[in-house]
Engineer: 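Below is a structure I'd like to ask you about.
Numbering starts at 1 and runs along the sequence shown.
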Amino acid sequence: MAGKAKKNTGYSMSRALVRRETIAGYAFMLPNLIFFVGFVIYPMIQCVITSFFDSTMNRADIFVGLGNYIELFQDGVFLRALWNTIIIVVVSVPVTCIFSLWVSSIIYDLKGPLCSLLRCVFYLPVVTGSVAVAVVWKWMYNNYYGIFNYVGKGLGLIDKNINWLGDERFALGCIILILLTTSVGQPIVLYVSALNNVDASLVEAAEVDGANKMQCFWKIKWPQIMPTTLYILVITTINSFQCFALIQLLTSGGPNHSTDTIMYYIYHTAFKLYRYGYGNAMGVVLAIIIAVLSAVQFKMAQSD
């Protein structure tokens, strides 16, 4: 009986200890949890609710049901912004991933201080402010004294100065180029770290068996860095869909909506035209598109 009582006492003490640790854990999480619920979950719910209303300033909201969503797909500017966003994603995501993997493979083979220096150089645009990056590129694209026009005319590639950001033919491509230069830093660092975690003994065994570098990469390294690739694909896709700062700072969606993106059109609609319900409907559509693409990417990765 004494042993049983002792066992029950120990069980009760362990349960009490677990309960105290659980309470302490939630207490430490509470500030972040409050912030997350108040500034992420609640706004998301409000966004979805408001998307069913004609909501603007200085008057009560008017329920319109699916009216905002129907109007969206009849709005030529939104469809142009959607198309521009798709172009940005289709171009920037694969180019970013392929270029980052290629550069990281070269950096990984260098080893030592040079490897660290190159990682720092490529990561620098990531930590540089968007305003600073935009100012530098705006100077480079300047149609009077920009370096692109200077080099182009010097090499005989162009006959006269081009207004890169003011011409519909070139504006979106210029934005994509900037986005690429600011997007490769993090993937390069992640890929170098992933390559460092590849089991070197497997690579050595394959080389002993006569495998070349390409075979070693596809058969051994690629499967082991696949989780990193999936993360980079998802994050790059989300960032490409959310392209806003460069548009706002350089073109404001022009010329003639040729650089409008969904994010910029949401900002323009909600904070310049004060059509909050219509802007929120765009936000919901954008969230659904990103969620579907992310799910597809995860599914493809699992099937591999």
Engineer: Please determine whether side-chain contact (heavy atoms from CB on, under 4.5 Å) holds for the pair Phe73 and Leu79, giving the CA-CA distance in whole Å, both sets of side-chain angles, and the decisive distance to 0.1 Å.
Structural biologist: CA-CA 7 Å; Phe73 294 97; Leu79 295 176; 4.2 Å; yes

Engineer: Testing Trp139, Trp137, Tyr144 one by one against Tyr141 for a ring-ring contact (aromatic ring centres under 6.0 Å, His included), which residue passes?
Structural biologist: Trp137

Engineer: When you measure from the side chain of Gln242 to the backbone N and O of Asn239, does any donor-acceptor pair fall under 3.5 Å?
Structural biologist: no

Engineer: Show which residues join Leu110 in its hydrophobic cluster (side-chain heavy-atom contacts under 4.5 Å, direct or indirect), or state none.
Structural biologist: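 Noted: Leu110 shares its cluster with Phe99, Trp102, Val103, Ile106, Ile107, Leu114, Leu117, Leu118, Val121, Phe122, Val184, Ile188, Val192.
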
Engineer: Spell out, yes or no, whether Leu72 and Val292 are grouped together once hydrophobic residues are joined by side-chain heavy atoms under 4.5 Å, including indirect joins.
Structural biologist: yes

Engineer: Measure the spacing between CG of Leu286 and OG1 of Thr261 and express it to the nearest 0.5 Å.
Structural biologist: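 Between atom CG of Leu286 and atom OG1 of Thr261 there are 9.0 Å.
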
Engineer: For residues Lys221 and Val198, report the shortest heavy-atom separation together with the two atoms involved.
Structural biologist: CG-CG1, 4.0 Å

Engineer: To the nearest 0.5 Å, how far apart are CD in Gln215 and CG in Asp209?
Structural biologist: 10.5 Å

Engineer: Side chains of Ile88 and Leu172: does their closest heavy-atom pair fall under 4.5 Å?
Structural biologist: yes

Engineer: Looking at every heavy atom in both Pro125 and Thr182, which two are closest together, and how far apart are they?
Structural biologist: CB-CA, 4.3 Å

Engineer: Is any side-chain heavy atom of Ser100 closer than 4.5 Å to one of Ile232?
Structural biologist: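 No, side chains not in contact.
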
Engineer: I need the Phe271 CZ to Tyr274 OH distance, nearest 0.5 Å.
Structural biologist: 10.0 Å

Engineer: Who passes side-chain hydrogen bond (donor to acceptor under 3.5 Å, both in side chains) against Arg80, sequence neighbours left out?
Structural biologist: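 Result, side-chain hydrogen bond (donor to acceptor under 3.5 Å, both in side chains) vs Arg80: none returned.
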
Engineer: Which pairs, with at least one residue in residues 45-69 and sequence neighbours excluded, count as a side-chain hydrogen bond (donor to acceptor under 3.5 Å, both in side chains)?
Structural biologist: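 Sorted pair list: Ser51-Tyr69, Asp54-Arg59, Ser55-Asp61.
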
Engineer: Evaluate the criterion side-chain contact (heavy atoms from CB on, under 4.5 Å) for residue pair Leu195 and Ser104; output intermediate values, then yes/no.
Structural biologist: CA-CA 8 Å; Leu195 289 170; Ser104 60; 4.2 Å; yes

Engineer: For the residue pair Cys216 and Glu207, what are the closest heavy atoms and their distance?
Structural biologist: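 Where Cys216 meets Glu207 most closely, the heavy atoms are SG-CG, 3.8 Å.
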
Engineer: Provide the full list of side-chain hydrogen bond (donor to acceptor under 3.5 Å, both in side chains) pairs with a residue in residues 82-94, sequence neighbours left out, each pair given once.
Structural biologist: Ser92-Ser240

Engineer: Measuring only between side-chain heavy atoms, which start at C-beta, is Ile178 closer than 4.5 Å to Leu250?
Structural biologist: yes

Engineer: What salt bridge (charged side-chain N to carboxylate O under 4.0 Å, His left out) pairs are there with at least one residue in residues 234-256, not counting sequence neighbours?
Structural biologist: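 Of all non-adjacent pairs touching residues 234-256, none passes salt bridge (charged side-chain N to carboxylate O under 4.0 Å, His left out).
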
Engineer: Going by the rule side chain to side chain contact (heavy atoms under 4.5 Å, CB included), which residues pair with His268 if we only count those two or more places apart in sequence or in a different chain?
Structural biologist: Tyr264, Tyr265, Lys272, Leu273

Engineer: Can you hop from Phe241 to Ile288 via hydrophobic side chains spaced under 4.5 Å?
Structural biologist: yes

Engineer: With a 3.5 Å distance limit and no angle check, can you tell me whether Thr259 reaches the backbone of Gly254 through a side-chain donor-acceptor pair?
Structural biologist: yes

Engineer: Between Trp222 and Phe217, what is the ring plane arrangement, given parallel below 30°, perpendicular above 60°, and tilted in between?
Structural biologist: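 Aromatic pair Trp222/Phe217 classed tilted.
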
Engineer: According to the side-chain hydrogen bond (donor to acceptor under 3.5 Å, both in side chains) rule, which pairs have a member within residues 186-199, sequence neighbours left out?
Structural biologist: Tyr191-Thr229, Asp199-Ser201

Engineer: Would you please name every residue forming a side chain to side chain contact (heavy atoms under 4.5 Å, CB included) with Ala245, sequence neighbours left out?
Structural biologist: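 Partners of Ala245 under the side chain to side chain contact (heavy atoms under 4.5 Å, CB included) test: Ser130.
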
Engineer: Are any non-hydrogen side-chain atoms of Gln224 and Leu202 less than 4.5 angstrom apart?
Structural biologist: yes

Engineer: First locate atom CD1 of Ile23, then atom CG of Leu30, and finally report the distance between them rounded to the nearest 0.5 Å.
Structural biologist: 12.5 Å

Engineer: Could you tell me which non-hydrogen atom of Met263 sits nearest to which non-hydrogen atom of Cys243, and how far apart they are?
Structural biologist: CB-O, 3.7 Å

Engineer: Check whether any side-chain heavy atom of Asn280 lies under 4.5 Å from a side-chain heavy atom of Ile266, and answer yes or no.
Structural biologist: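 No, too far: nothing below the 4.5 Å cut-off.
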
Engineer: Is Val189 isolated, or which residues cluster with it under the ILVMFWY side-chain rule of less than 4.5 Å, directly or via members?
Structural biologist: Tyr123, Leu124, Val126, Val127

Engineer: Tell me whether Val131 shares a hydrophobic cluster with Leu179, the cluster being built from Ile, Leu, Val, Met, Phe, Trp, Tyr side chains joined at under 4.5 Å.
Structural biologist: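 No, Val131 and Leu179 fall in different hydrophobic clusters.
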
Engineer: Is it the case that the ring center of Tyr145 lies less than 6.0 angstrom away from the ring center of Tyr150?
Structural biologist: no

Engineer: Show the nearest heavy-atom pair for residues Ser183 and Pro187, with the distance to one decimal.
Structural biologist: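 Heavy atoms of Ser183 and Pro187 come nearest at O-CD, 3.0 Å.
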
Engineer: How long is the straight-line distance from CD1 of Ile87 back to CG of Leu82, given to the nearest 0.5 Å?
Structural biologist: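 With rounding to 0.5 Å, CG (Leu82) is 10.0 Å from CD1 (Ile87).
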
Engineer: side-chain hydrogen bond (donor to acceptor under 3.5 Å, both in side chains): which pairs involve residues 155-178, sequence neighbours left out?
Structural biologist: Asn149-Trp164, Lys153-Asn161, Asp167-Arg169, Glu168-Asn256

Engineer: Evaluate the criterion side-chain contact (heavy atoms from CB on, under 4.5 Å) for residue pair Glu71 and Arg275; output intermediate values, then yes/no.
Structural biologist: CA-CA 13 Å; Glu71 183 181 349; Arg275 296 190 63 191; 3.1 Å; yes

Engineer: Leu249, Leu165: one ILVMFWY side-chain cluster at the under-4.5 Å cut-off?
Structural biologist: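 Each belongs to a different hydrophobic cluster.
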
Engineer: Could you work out, with side-chain hydrogen bond (donor to acceptor under 3.5 Å, both in side chains) as the rule, every residue matching Asp260, not counting sequence neighbours?
Structural biologist: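 Partners of Asp260 by the side-chain hydrogen bond (donor to acceptor under 3.5 Å, both in side chains) criterion, ordered by chain and then number, come out as His257.
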
Engineer: For residues Leu101 and Ile235: do they belong to one hydrophobic cluster (side chain heavy atoms under 4.5 Å, members Ile, Leu, Val, Met, Phe, Trp, Tyr)?
Structural biologist: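 Cluster IDs for Leu101 and Ile235 match.
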
Engineer: Testing the basics here: between Leu233 and Val93, what is the closest heavy-atom pair and its distance to 0.1 Å?
Structural biologist: CD2-CG1, 3.8 Å

Engineer: Contact between Ile162 and Phe170 at the side-chain level, heavy atoms closer than 4.5 Å - yes or no?
Structural biologist: yes

Engineer: Test ring pair (Phe, Tyr, Trp, His ring centres under 6.0 Å) on Phe52 and Phe63 and set out the steps.
Structural biologist: CA-CA 6 Å; Phe52 296 106; Phe63 181 75; 7.0 Å; no

Engineer: I'd like to check the side chain to side chain contact (heavy atoms under 4.5 Å, CB included) partners of Phe28; sequence neighbours left out, ordered by chain and number.
Structural biologist: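 By the side chain to side chain contact (heavy atoms under 4.5 Å, CB included) rule, Phe28 matches no residue at all.
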
